[in-house]
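In what follows, chains are A, B, ... by sequence order, proteins preceding strands, each numbered from 1. Only this structure's heavy atoms are used, side chains among them; waters, hydrogens and symmetry mates stay out.
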Protein chains: 2
Amino acid sequence: MSLPHAILTALLEKPSSGLELTRRFDRSIGFFWSATHQQIYRELGRLETAGLIRALPQDGPVRGQKKEYDVLPAGRAELERWTARGDDPKAVREPLLLRLRAAAVVGTAGLDAELARHLALHRAQLADYREIERRDFPAADGAGGDRSGGGVADGDRLRHAVLRAGIGLETFWVEWLTETRATLPAEPS
Amino acid sequence: MSLPHAILTALLEKPSSGLELTRRFDRSIGFFWSATHQQIYRELGRLETAGLIRALPQDGPVRGQKKEYDVLPAGRAELERWTARGDDPKAVREPLLLRLRAAAVVGTAGLDAELARHLALHRAQLADYREIERRDFPAADGAGGDRSGGGVADGDRLRHAVLRAGIGLETFWVEWLTETRATLPAEPS
DNA sequence: AGGTACATGTAACATGTTACATGATTCC
DNA sequence: GGAATCATGTAACATGTTACATGTACCT
């Protein structure tokens, strides 16, 4: 039950059409909550029916025409309620780890290539995050030290914390994949 | 499409009944692939219909009686095929990060308590993993250095790599949560 | 007139979640 | 015989994925 809240957050940051939301779910928001355009359109319909958002009026034909949404007071209230509420961390579901465990039983053919591929992808994502950090948070020192300085808004601190989570996770994967490839036999089984 | 392969792996490690599998999905396997008993029974039915596993014959009543499964050659072949095949890393879906982003828009009430709660959970999980490592991999030095020593089997190395992934991820969360709480304003908004 | 990018959707299916139902076995 | 535990399942629903359908706007 998080997609509607992801959409509400995105629309509060900036009223958008379905396609614009889709683009943002491929970038900033998508870094921690992914969604396809089909999911987004379906959910926009539900949110509108539920009275949490509304489509800005348009004239002329509807199909194929851009349709902008913004958040109604009821939507903001729902998001506030959800944000304050707690939730346990989701159980992990990581196919790569499952593959390793399966390889421990049926053999490791092709495994190193797969690890190498993941390593490249995570390195690229990490570089991407670092570039965003350099661009959007140039003043901060990245390690969470800047509580003294006067001008940093709450929102920025939070957005930076989210980005640091992304950087930390990608850094972990890069390190783990590098280590794991080093301990694996050359091209076995 | 990973649950059937998780089950095949588990059954190859040791033939089991549905409930035994459920228990293992709450422990070792569940650390990287979670599943409820309803999912497991449904999938066992499908795998049996597909001819990948079979139920060991039993006499007398069926309902309420333990039913053991093991893997047929076709199931092992399917798992080998899947293991060798590649898959892109799953997109991240982490409600806690979404909450932070939402809090950046609607206010941070209750957020620190939620972070504290997650911190405690991740610390507990980390301690759990470390205990398992101490018990199951006492010889290894944890940092991936032992390529020289003679007796370590492939399977053990892979299982240890999986466990190190769990430890690394939990360590990351503990650090990130600690840092993030330190940078957040005391009890705001 | 054809191609490409923009833009919104439908339908079918696969997977995951929640609530409930049922029977067997063991211990008191 | 009642409660707890073991054990297998059904049903309804929510969410996510994949394939496809349709229309607009602009450029050549």
note: Lys67(B), atom NZ; dG23(C), atom P; distance rounded to Å ~ 16 Å
Which label fits Tyr129(A) and Phe31(A): parallel for a plane angle under 30°, tilted from 30 to 60°, or perpendicular past 60°? perpendicular
For DNA chain D, the residues among residues 6-26 of chain B that have a non-hydrogen atom under 4.0 Å from it: Ser17(B), Gly18(B), Leu19(B), Arg23(B)
Sequence neighbours left out, what pairs pass ring pair (Phe, Tyr, Trp, His ring centres under 6.0 Å) with at least one residue falling in residues 68-115 of chain B? His5(B)-Trp82(B)
With sequence neighbours left out, write down each residue that passes ring-ring contact (aromatic ring centres under 6.0 Å, His included) with His118(B), or none if nothing qualifies. none
What residues form a salt bridge (charged side-chain N to carboxylate O under 4.0 Å, His left out) with Asp26(B), not counting sequence neighbours? none
DNA chain D: 5'-proximal contact among Glu68(B) and Pro4(A) (nearest heavy atom): Glu68(B)
Any side-chain heavy-atom pair from Val105(A) and Leu8(B) closer than 4.5 angstrom? no
Taking Ser16(A) as the fixed residue, which of Glu68(A), Lys66(A), Arg24(A) is the one that meets the side-chain hydrogen bond (donor to acceptor under 3.5 Å, both in side chains) rule? Arg24(A)
Heavy-atom side-chain contact between Ser17(A) and Lys67(A) under 4.5 Å: no
In residues 38-50 of chain A, which residues come under 4.0 Å of DNA chain C by heavy atom? Gln38(A), Tyr41(A)
Quick one, which residues of residues 79-98 of chain A touch DNA chain C with a heavy atom under 4.0 Å? Arg93(A)
